[in-house]
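For reference, the structure discussed in these notes is given below.
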Amino acid sequence: MYQDPRLQYVTCAVAGNTDTGRQSATHRMAYWEWNDTGDLNHPHVIICAHGLTRQGRDFDVLARQLALQARVICPDVVGRGYSDWLEDPAGYQVPLYVADMLAMLQQVHRAAPIGKLDWVGTSMGGLIGIGLAGEPSIRPLMPAPIRRLVLNDVGPTIEPSALARIGSYVGQHMLYASEQEAVAAMGQLSKGFGPHSDEEWLALSRPMLRPEGAGAVRLHYDPAIAQPMQAMTPEMAAAGEQLLWRLYEQIDAVTLVLRGADSDLLSAQTAQSMAQRGPRARVVEFAGVGHAPTLVSFDQTAAVLAFLCGA
């Protein structure tokens with residue numbers, strides 16, 4: 001019988017702006033820990049990191065299965081879920097997220113040593129994984145190197161049309177009159193997730209909502225997470241792409257790229273390049289899915305399970 005995950009917290013530092021005299025501050029990042037191995041100190045740890053507007057309970061279906069063979073950690077990236085919101089929205093970017101994940105990994109390692117570390121990252125969570133696995137200066141700070149890396153519908157090149165689509169709704173409509181209205185609205189925005197039963201979609205949607213009284217609900221995340229994306233110029237995007245390719249080419253981890261065959265964010269061309277460069281990822285595509293596979297259906301979870309826990 002599956003156990004429910006434990007909600008835990010880690011305190012993370014935020015460097016202050018010395019030009020304005022601001023001192024360093026801290027924030028708390030929440031994470032969900034699953035473990036059905038029978039060993040509280042199991043050495044195999046798998047991190048599952050979510051996409052831009054999502055939260056750690058996105059991985060419930062996958063985590064329940066992985067937790068039979070490993071400790072599974074599903075963070076709520078800062079500004080989402082049960083994590084704190086940042087005072088300065090400029091911090092809502094991958095470098096800070098990478099630093100937060102290092103703090104989390106170090107805390108998990110102190111609780112029980114990590115002997116084997118794997119990473120599953122959807123969209124933004126995949127970019128965080130690239131940062132952790134590909135930056136040589138970070139490796140000495142890691143409790144263990146990332147052994148296997150799953151990049152779910154993301155790569156160093158992100159299609160501008162997808163960024164425009166995502167930017168058109170992030171932080172725009174946060175309040176809904178009812179859960180039913182919110183679930184339906186998220187379904188319209190998330191057609192790229194592919195087909196789901198009503199029960200599956202409700203299970204994915206409920207952790208996204210917080211009560212507002214009189215039956216109303218709001219989305220869980222800080223609407224200010226959109227600000228860095230809105231401030232991005234074409235020049236900044238081009239520099240970011242070059243950096244991501246440099247990081248990708250330095251990855252030592254065995255890498256699996258999952259792609260929705262209809263994805264507007266990860267092109268087939270970029271996925272092919274990822275198979276030829278750096279860690280020479282294996283690429284698996286899922287028909288009838290865009291951005292991004294939810295890792296709920298059997299074929300999707302089976303691909304991840306085989307990659308991380310197979311012989």
Side-chain angles (χ1 to χ4, degrees), residues 7-20 22-33 45-56 73-111 113-114 117-147 149-151 154 156 158 221-222 224-229 231-232 236 239-244 246-248 250-253:
L7 178 60
Q8 311 226 57
Y9 294 89
V10 60
T11 299
C12 306
V14 179
N17 186 337
T18 55
D19 293 336
T20 60
R22 288 184 61 190
Q23 301 299 313
S24 62
T26 61
H27 59 269
R28 287 201 317 168
M29 184 176 73
Y31 61 93
W32 302 89
E33 182 167 357
V45 172
I46 301 171
I47 310 298
C48 298
H50 60 77
L52 180 66
T53 65
R54 308 295 299 184
Q55 37 64 50
I73 309 293
C74 303
D76 288 345
V77 176
V78 65
R80 291 89 166 167
Y82 288 91
S83 294
D84 288 347
W85 293 9
L86 296 178
E87 286 187 26
D88 182 2
Y92 287 129
Q93 299 191 63
V94 170
L96 183 138
Y97 304 152
V98 167
D100 285 0
M101 296 302 161
L102 279 173
M104 181 190 72
L105 286 168
Q106 290 161 359
Q107 176 168 294
V108 170
H109 183 65
R110 286 193 298 270
I114 299 173
L117 178 63
D118 295 328
W119 188 277
V120 179
T122 295
S123 198
M124 179 188 75
L127 298 181
I128 299 169
I130 290 174
L132 286 167
E135 176 50 60
S137 66
I138 288 176
R139 291 174 188 168
L141 306 176
M142 298 276 286
I146 294 177
R147 179 190 70 117
L149 174 65
V150 180
L151 300 176
V154 72
I158 298 173
Y221 66 85
D222 181 356
I225 65 172
Q227 291 187 23
M229 180 183 292
M232 184 178 296
M236 292 166 63
E241 180 178 334
Q242 290 181 355
L243 173 60
L244 283 168
R246 179 178 66 79
L247 292 171
Y248 182 77
Q250 295 174 149
I251 290 173
D252 292 330

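What you are looking at is a predicted structure, and each value in this text was computed from that prediction instead of being measured.
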- Message: Which residues pass the ring pair (Phe, Tyr, Trp, His ring centres under 6.0 Å) test with Trp119, not counting sequence neighbours?
- Response: none
- Query: Minimum heavy-atom separation for Leu149 to Ala133, with atom names?
  - Reply: CD2-CB, 4.3 Å
- Query: Are side-chain heavy atoms of Leu132 and Ile47 found at a separation under 4.5 Å?
  - Reply: no
- Can you tell me how far NE2 of His109 sits from CD of Gln106, rounded to the nearest 0.5 angstrom? 9.0 Å
- Which heavy atom of Pro156 sits nearest a heavy atom of Tyr248, and at what distance? CG-CB, 3.9 Å
- Query: Roughly how far apart are Thr11 OG1 and Asp100 CG, rounded to 0.5 Å?
  - Reply: 10.5 Å
- Hey, what do you get for CD1 (Ile158) to CD (Glu241), rounding to the nearest 0.5 Å? 8.5 Å
- Side chain proximity check, Glu87 to His27, heavy atoms < 4.5 angstrom: no
- Item | Side chains of Val98 and Glu135 in contact at under 4.5 Å (non-hydrogen atoms) | no
- For the student: nearest non-hydrogen atoms of Gly79 and Ser83, plus distance: N-CB, 4.2 Å
- Item | Asp84 (side chain) donor-acceptor with Arg28 (main chain) under 3.5 angstrom | yes
- Query: When you look at Arg147 and Leu117, which way does the side-chain contact (heavy atoms from CB on, under 4.5 Å) test go after all the steps?
  - Reply: CA-CA 6 Å; Arg147 179 190 70 117; Leu117 178 63; 5.9 Å; no
- Would you say Asp76's side chain and Tyr82's backbone share a donor-acceptor pair under 3.5 angstrom? yes
- Message: For Val77 and Ile225: C-alpha separation, side-chain torsions, deciding distance, then whether side-chain contact (heavy atoms from CB on, under 4.5 Å) applies.
- Response: CA-CA 11 Å; Val77 176; Ile225 65 172; over 6 Å; no
- Query: Could you state the interatomic distance from CD1 (Ile114) to CD1 (Ile73), rounded to the nearest 0.5 Å?
  - Reply: 8.0 Å
- Smallest heavy-atom separation, Gly51 atom then Ser123 atom, equals CA-CB, 4.2 Å
- Nearest 0.5 Å, what's the CD-CE distance between Gln93 and Met232? 7.0 Å
- Note on the structure: Of all heavy-atom pairs linking Cys12 and Ala103, the shortest is SG-CB, 4.1 Å
- side-chain contact (heavy atoms from CB on, under 4.5 Å) against Ala224, all qualifying residues, sequence neighbours excluded: Pro89, Tyr92, Asp222, Gln227
- Message: According to salt bridge (charged side-chain N to carboxylate O under 4.0 Å, His left out), who are the partners of Arg80, at least two apart in sequence or on a separate chain?
- Response: none
- Hey, are the side chains of Thr122 and His50 touching, using non-hydrogen atoms and a 4.5 Å cut-off? no
- Query: So how far is it from Ile138 CD1 to Leu247 CG, rounded to the nearest 0.5 Å?
  - Reply: 8.0 Å
- Item | Side chains of Gln8 and Val108 in contact at under 4.5 Å (non-hydrogen atoms) | no
- May I ask you to test the Gln250-Arg139 pair for a side-chain heavy-atom distance under 4.5 Å? yes
